[in-house]
Amino acid sequence: MKKAIAIALSVCMSFAISACGNKQENGETDSAQNQTQSQKTFAGRVADEYHKLLEGDDAVYYYEANVSEQMDEESEPMESVKAEGRNGEGTLVVATGESEPELREIEKDDAYYTIDDSQKAYTKDELEDYGEEIELEYVTTSEMELDGKTWTYDEYQDEYELEGFGEDGETVEVDTYFYKKRYLVDDKGDLYAIVILQEQKGEDGEENQLIYQEIDRITKLEDKNVPEAFFEIPEDYQEVEMLDE
């Protein structure tokens with residue numbers, strides 16, 4: 001996925017979190033960024049098979065998850081469900097919804113589609129060539145607390161820069177950001193969750209600032225029997241300029 005697309009999605013989701021401000025029923029939040037990491041020394045990677053399975057345009061997988069998103073450590077999480085998959089032919093699909101995946105977003109053939117199955121309609125936008133892509137590299141293996149348990153994870157990350165305007169609205173400033181992905185596994189090596197973090201690099205030795213966090217608690221994972229219909233737009237669906245809200 002292009003870097004700019006990933007960033008844009010995160011920004012959109014962050015605004016949604018800020019606007020909705022939904023709370024968890026128990027009032028608790030899980031901030032992966034500030035979890036105390038274990039001082040253990042690990043012999044090697046523990047979730048490499050999942051990183052290889054889920055990354056790359058030629059990947060083949062389908063997973064469903066319960067999702068918790070936050071814009072920063074102080075904001076209340078927004079809860080939703082998600083389904084994501086790739087078909088090995090360069091097509092990426094992400095479906096989201098409050099209680100079940102309803103809105104599908106498909107990236108394929110240099111185009112970006114947003115499909116609402118309830119309306120039998122979709123929008124289409126051409127994908128721009130943003131150049132650089134996210135290329136995650138292994139960083140560390142460690143432990144973190146989540147949902148009252150300790151999980152071992154592998155962390156992968158990439159670094160990128162974005163230009164923006166300073167407070168005067170004219171000066172161009174370049175900020176450095178980190179995109180991090182953690183694969184949390186249990187004692188048997190089964191994937192429990194995927195944690196996605198986006199951070200802005202701290203200045204003058206300060207800590208990085210969390211700008212987005214997503215926790216996907218995996219409820220289903222397939223690496224062979226991916227549902228073909230998930231990747232297709234039915235012929236009787238109509239292309240529209242804008243979907244009904």
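More than 12 heavy atoms of other shown residues, nucleotides or ligands fall within 6.0 angstrom of atom CG in Asp125. Residue Asp236 qualifies as enclosed at atom CG: its count of foreign heavy atoms under 6.0 Å is above 12.
Considering every non-hydrogen atom in both Glu232 and Pro234, the closest pair reads O-CD, 3.7 Å. Nearest heavy atoms, Asp116 versus Gln119: OD2-NE2, 3.0 Å. Nearest approach of Tyr183 to Tyr156, heavy atoms of both residues: CE1-CD1, 3.7 Å. Shown here for Glu155 and Gln157, the closest heavy-atom pair between the two residues is OE2-OE1, 3.9 Å. Shown here for Ala65 and Asp216, the closest heavy-atom pair between the two residues is CB-CB, 3.9 Å. Minimum heavy-atom separation, Ala95 to Arg104: CB-CG, 3.7 Å.
Distance check: Tyr122 OH to Tyr237 OH gives 11.5 Å after rounding to the nearest 0.5 Å. Distance check: Asn87 CG to Glu89 CD gives 4.5 Å after rounding to the nearest 0.5 Å. Expressed to the nearest 0.5 Å, how far CG of Asp154 lies from OG1 of Thr141 amounts to 3.5 Å. Distance check, rounded to the nearest 0.5 Å: CD of Glu203 to NZ of Lys201 gives 10.0 Å. Interatomic distance, Lys181 NZ to Glu55 CD, rounded to the nearest 0.5 Å: 4.0 Å. The structure places CD1 of Ile115 at 8.0 Å from CG of Leu103, a figure rounded to the nearest 0.5 Å.
Hydrophobic cluster membership is shared by Leu92 and Leu53, with clusters built from Ile, Leu, Val, Met, Phe, Trp and Tyr side chains linked at under 4.5 angstrom. A continuous path of ILVMFWY side-chain contacts below 4.5 Å connects Tyr179 to Tyr177, so both sit in one hydrophobic cluster. Under a hydrophobic clustering in which Ile, Leu, Val, Met, Phe, Trp and Tyr are joined whenever their side-chain heavy atoms come within less than 4.5 Å, directly or via other members, Val139 and Leu136 fall into different clusters. Residues Leu191 and Val46 fall within the same hydrophobic cluster, defined by Ile, Leu, Val, Met, Phe, Trp and Tyr side chains chained together at heavy-atom separations under 4.5 Å. A single hydrophobic cluster is not seen to contain both Leu243 and Ile106; linkage of ILVMFWY side chains at heavy-atom distances under 4.5 Å, directly or through other members, places them apart.
Side-chain polar atoms of Tyr63 and Glu84 form a donor-acceptor pair below 3.5 angstrom. Between Tyr212 and Glu69, the side chains place a donor N or O and an acceptor N or O closer than 3.5 Å (distance only, hydrogens not considered).
Tyr50 pairs with exactly one of Ile194, Ile218, Leu221 by the side chain to side chain contact (heavy atoms under 4.5 Å, CB included) rule, that one being Leu221. When each of Glu98, Glu214, Glu105 is tested with Lys82 by the rule salt bridge (charged side-chain N to carboxylate O under 4.0 Å, His left out), just one qualifies, namely Glu214. The residue from Glu199, Glu159, Gln198 that alone fulfils the side chain to side chain donor-acceptor pair (under 3.5 Å) condition with Lys180 is Glu199. Residue Arg182 forms a side chain to side chain contact (heavy atoms under 4.5 Å, CB included) with just one option from Thr140, Ile196, Leu197, and that option is Leu197.
Looking at Pro101 and Glu64, their side chains never come closer than 4.5 Å, going by heavy atoms from C-beta outward. A heavy-atom distance below 4.5 Å is found between the side chains of Val226 and Phe231. Considering only heavy atoms from C-beta on, Asp186 stays 4.5 Å or farther from Tyr192 through its side chain.
Between the side chain of Gln70 and the backbone N or O of Ser75, at least one donor-acceptor pair lies under 3.5 Å. Using a distance-only test at 3.5 Å, with no hydrogens or angles considered, a donor-acceptor pair links the side chain of Trp151 to the main chain of Leu146. Counting only distance, with no hydrogens or angles, the side chain of Thr114 and the backbone of Thr123 share no donor-acceptor pair below 3.5 Å.
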Apply side chain to side chain contact (heavy atoms under 4.5 Å, CB included) to Tyr113 and Glu239, showing your working.
CA-CA 10 Å; Tyr113 303 84; Glu239 182 177 349; over 6 Å; no

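Taking the six-membered ring for Trp and thresholds of 30 and 60 degrees, Phe230 and Tyr62 have ring planes more than 60 degrees apart, a perpendicular arrangement.
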